[in-house]
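In what follows, a single structure is set out as structure tokens and then discussed.
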Amino acid sequence: MQRSLVVANWKMNGNKLVVSQLLNAIKNGVNKDVNQANKIAICPPSLFLELTQQELVDSNIFIGAQNAHPQNAGAFTGEIAFVMLKEFSCSYVIIGHSERREIFAESDIFIAEKFAAAQAHNLEPILCVGETQEQRESGQTESIVLGQIQAVINEVGIEAFAKAVIAYEPIWAIGTGLTASPEQAQEVHAAIRSFLTEMDQTVAENISIIYGGSVKASNAEALFKQSDIDGALVGGASLDVNEFLTICAAA
Ligand code: PEP
């Protein structure tokens, strides 16, 4: 069975001082209080990856990136490549976050290319999937979420999910303060696991399926009690040390 994983997605927040302070506080808090059988990863803005690498050098906390481009080099102004992330000790990279899908119009195919490029450089993709409020209300949650996963499987094959994480992130719950109830989240996580089981039972049993969408100290424990919720992708609450450490301790 997979170890639990809590991932901090700091999005486009912070500056050198704030990042340094947050990393030190998390590092100290984790070493003292958190069960190291569980994994923690921090995804800072890319400009702060080097600082993150320096600050976390003696810790068990993993480093992740929020995005990268599938090509290794070339005329892609403003982009960074997966191969570059390896120079900053990254282990994970977030792929297909709803903000990338919606604001930057990333397609399923492009997301699948990124997934493959991440793995080609030994980075574990955290594939985000999730439905809008309208899709949920019209009963399409499962078909949307499983369709987003299928689109990646079509390109990379089910076996690629042996080294990947899936983050179920209902779009209506991201940054809104609304959280899926533990039962709502569990229902989708179970559907994802059973969908994967039909293709590869070992992959389905071992993959971490984490939940994201307004996870905070007050709701983390109830979410983590669900049998198919293996951790969390945390946005806003990961910028607050006490909130984040409480979530990590609950995992
Ligand atoms: C996210 O951005 O992945 C996220 C889950 O954000 P928040 O926790 O703020 O809803």
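Counting starts at 1 for both ligands and their atoms, following the listed order.
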Checklist entry - Once the angle between the rings of H189 and Y168 is folded into 0 to 90°, is it parallel (under 30°), tilted (30 to 60°) or perpendicular (over 60°)? => result perpendicular
Item to check | Contact atoms of ligand 1, heavy-atom distance to S214 under 4.0 Å | outcome: 7 (P), 8 (O), 10 (O)
Next on the checklist: Are there over 12 heavy-atom neighbours, none belonging to Q184, within less than 6.0 Å of that residue's CD?
Outcome noted: yes
Checklist outcome for this item: On a heavy-atom basis, the closest approach of Q148 and G130 is OE1-N, 2.9 Å
Next on the checklist: Within 45 degrees of the ring normal and closer than 6.0 Å to the centroid, is that where the cationic atom of K16 sits relative to F48?
Outcome noted: no
Checklist entry - With a 4.0 Å cut-off on heavy atoms, is A237 touching ligand 1? => result no
Checklist outcome for this item: Residues pairing under side chain to side chain donor-acceptor pair (under 3.5 Å) where one sits in residues 214-226, two or more places apart or in two chains, turn out to be T179-N219
Checklist entry - Under a 4.0 Å heavy-atom limit, does A173 contact ligand 1 with its side chain, its backbone, both, or neither? => result backbone
Checklist entry - Does the gap between the ring centers of H97 and F104 come in under 6.0 Å? => result no
Checklist entry - Can the ring centres of F161 and F115 be said to be less than 6.0 Å apart? => result yes
Next on the checklist: As an exercise, identify every atom of ligand 1 less than 4.0 angstrom from a heavy atom of G236.
Outcome noted: 7 (P), 8 (O), 9 (O)
Item to check | Protein heavy atom at shortest distance from atom 3 (O) of ligand 1 | outcome: E169 OE2, 2.7 Å
Checklist entry - Does L233 approach ligand 1 within less than 4.0 angstrom via side chain, backbone, both or neither, non-hydrogen atoms only? => result both
Checklist entry - Tell me, which protein residue and heavy-atom name are nearest atom 1 (C) of ligand 1, and how many Å apart are they? => result H97 NE2, 3.2 Å
Checklist entry - Can you list the atoms of ligand 1 that are under 4.0 Å from a heavy atom of N9? => result 1 (C), 2 (O), 3 (O)
Checklist outcome for this item: When every non-hydrogen atom of L49 is compared with those of A65, the smallest separation belongs to CD1-CB, 4.5 Å
Next on the checklist: Using a 4.0 Å cut-off to any heavy atom of G213, which atoms of ligand 1 qualify?
Outcome noted: 5 (C), 10 (O)
Checklist outcome for this item: Closest to atom 10 (O) of ligand 1 by heavy-atom distance, out of A167, G175, G235, A232, is G175
Next on the checklist: Taking a cutoff of less than 4.0 Å between a non-hydrogen atom of the residue and any ligand atom, is K216 in contact with ligand 1?
Outcome noted: no
